[in-house]
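Below: the structure, in structure tokens.
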Amino acid sequence: MLDDKALDQLFRNARSQNGWLPKPVSEAELRRLYDLMRFGPTSANCSPLRVVFVTTEVGRKRLAPALSAGNLPKVMEAPVTAILGHSLRFYEDLPRLFPHNQTARSWFEGKPEHIERTAFRNGTLQGAYLMLAARAVGLDCGPMSGFDNAKVDAEFFPDGAVKSNFLCSLGHGDPSKVMARHPRLAFEEACQIA
Ligand SMILES: Cc1cc2nc3c(=O)[nH]c(=O)nc-3n(C[C@H](O)[C@H](O)[C@H](O)COP(=O)(O)O)c2cc1C
């Protein structure tokens, strides 16, 4: 089991951020984060997550028109905002990613609903792995779904093969902007043992 310091960093003291300190995040940190998150499991190792790390003023200006009013100032302040999307062509990589079963690609080809469901489920899981990996390398997260997905897709994924899911700002959070911690469901409310 991880020690208390690690558990606090990943879960108990980790908060969703609403403001950011003016401390940069390097590409090396983003690569370190990715190199951890990519080991999180996905079905048939399909790995549909695609990420755009928006780190420049030019990138932030491209993202701005899609953001809700509440999220706009947070994204403008954050050193990095990751656009988390899922590829609808993920199955083309299965011969390489799932090499022991060379028929895996055929499970998806020509089946758009199955492709979409699988990409969304596993891309969302990988988004959660990304947040935990960010915390593991010492970064804070600010996840956001308050934005216009169609606008983000048109601007960042114009060929239609990747669909945005959610955004996550990354950096060093401003502790003065964090809300009071909201309650969580107790084990008895959320779980059964059958
Ligand atoms: C997928 C997702 C979407 C979210 N969307 C928004 C958002 O658009 N704007 C916002 O201010 N917070 C957003 N949040 C933040 C949540 O409200 C926050 O994670 C939750 O209240 C728990 O807060 P805590 O991590 O500080 O305990 C989002 C969180 C997640 C995981």
Side-chain angles (χ1 to χ4, degrees), residues 1-2 6-7 9-11 14 16 25 27-55 63 66 80-170 184-185 187 190-194:
M1 172 128 175
L2 296 175
L7 295 175
Q9 182 170 330
L10 290 174
F11 295 102
S16 297
V25 174
E27 182 174 330
E29 285 175 283
L30 298 178
R31 288 180 177 275
R32 211 175 296 144
L33 174 170
Y34 180 78
D35 283 342
L36 288 172
M37 67 76 49
R38 69 193 177 124
F39 289 110
T42 53
S43 63
N45 197 31
C46 65
S47 309
L49 184 73
R50 301 293 181 269
V51 188
V52 179
F53 291 108
V54 175
T55 64
L63 192 49
V80 179
T81 296
I83 303 170
L84 306 179
H86 44 271
S87 170
L88 301 179
R89 292 208 197 116
F90 69 85
Y91 57 90
E92 293 174 3
D93 292 319
L94 287 177
R96 179 164 61 102
L97 295 179
F98 203 57
H100 69 285
N101 189 335
Q102 289 293 317
T103 66
R105 192 183 159 131
S106 69
W107 303 340
F108 299 98
E109 259 170 340
K111 297 173 188 153
E113 257 179 51
H114 191 38
I115 289 170
E116 166 58 33
R117 199 168 41 239
T118 304
F120 179 67
R121 176 186 297 129
N122 288 283
T124 303
L125 282 170
Q126 288 189 288
Y129 305 146
L130 182 141
M131 290 194 277
L132 288 173
R135 290 169 173 178
V137 302
L139 294 172
D140 290 311
C141 298
M144 290 162 284
S145 51
F147 69 98
D148 183 327
N149 292 70
K151 281 188 184 164
V152 167
D153 292 352
E155 181 62 30
F156 289 91
F157 306 121
D159 75 357
V162 175
K163 298 293 174 195
S164 59
N165 184 351
F166 68 100
L167 308 176
C168 186
S169 290
L170 299 165
R184 299 299 207 256
L185 298 180
F187 183 94
C191 311
Q192 298 178 43
I193 294 177

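Computed from a prediction, not measured in an experiment: that's the story for all the values here.
- Proximity of a side-chain donor or acceptor of Asn45 to a complementary backbone N or O of Leu97 within less than 3.5 Å is detected.
- Counting all heavy atoms, side chain and backbone alike, Ser169 lies closest to Thr81 at OG-OG1, 2.8 Å.
- Separating the CG atom in Leu63 from the NZ atom in Lys151 is a distance of 11.5 Å, to the nearest 0.5 Å.
- The main-chain N or O of Ser43 is found under 3.5 Å from a side-chain atom of Asn122 such that the two form a donor-acceptor pair.
- Heavy atoms only, all atoms of each residue included: His86 and Ser164 are closest at CE1-O, 4.4 Å.
- Between atom CZ of residue Arg31 and atom CD of residue Glu29 there is a gap of 13.0 Å, rounded to the nearest 0.5 Å.
- Here OG1 of Thr42 is found 8.5 Å from CG of Leu125. Values are rounded to the nearest 0.5 Å.
- In the displayed structure, Arg38 atom CZ is contacted under 6.0 Å by more than 12 heavy atoms of other residues, nucleotides or ligands.
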- Task: Check step by step if side chain to side chain contact (heavy atoms under 4.5 Å, CB included) holds for Leu49 and Asn165.
- Result: CA-CA 9 Å; Leu49 184 73; Asn165 184 351; over 6 Å; no
- Query: For Leu2 and Phe11, what are the C-alpha separation, side-chain angles and deciding distance, and is it a side chain to side chain contact (heavy atoms under 4.5 Å, CB included)?
  - Reply: CA-CA 12 Å; Leu2 296 175; Phe11 295 102; over 6 Å; no
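- To the nearest 0.5 angstrom, Lys163 atom NZ is 6.5 Å from Leu88 atom CG.
- Taking each heavy atom of Gln126 and Met37 in turn, the nearest pair found is O-CE, 3.3 Å.
- Counting non-hydrogen atoms of other residues, nucleotides and ligands closer than 6.0 Å to CD of Glu113 gives a total of 12 or fewer.
- Side-chain contact between Ile83 and Phe147: absent, with no pair of heavy atoms (C-beta onward) separated by less than 4.5 Å.
- Across every non-hydrogen atom of Ala66 and Val152, the tightest pair is CB-CG2, 3.5 Å.
- When all heavy atoms of Tyr91 and Arg105 are compared, the pair lying nearest together is O-CG, 3.5 Å.
- Here the side chains of Pro99 and Gln102 are in contact, with some heavy-atom distance below 4.5 Å.
- For the side chain to side chain contact (heavy atoms under 4.5 Å, CB included) test with Val162, the passing option among Phe90, Phe157, Phe156 is Phe157; the others fail.
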Side-chain donor/acceptor pairs under 3.5 Å, residues 129-143, sequence neighbours excluded:
from   : atom 1 : to     : atom 2 : distance (Å)
Tyr129 : OH     : Pro41  : O      : 2.7
Arg135 : NH1    : Leu10  : O      : 3.2
Asp140 : OD2    : Gly173 : N      : 2.8

- Task: Start with the C-alpha gap between Thr55 and Glu27, add the side-chain angles, then the distance that decides, and say whether side chain to side chain contact (heavy atoms under 4.5 Å, CB included) holds.
- Result: CA-CA 9 Å; Thr55 64; Glu27 182 174 330; over 6 Å; no
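- Ion pairing between a basic and an acidic side chain is recognised when a charged N comes within 4.0 Å of a carboxylate O; Asp159 and Arg50 show no such pairing.
- Considering only heavy atoms from C-beta on, Val25 stays 4.5 Å or farther from Leu170 through its side chain.
- For Thr118 against His114, the heavy-atom pair with the smallest separation is OG1-O, 2.7 Å.
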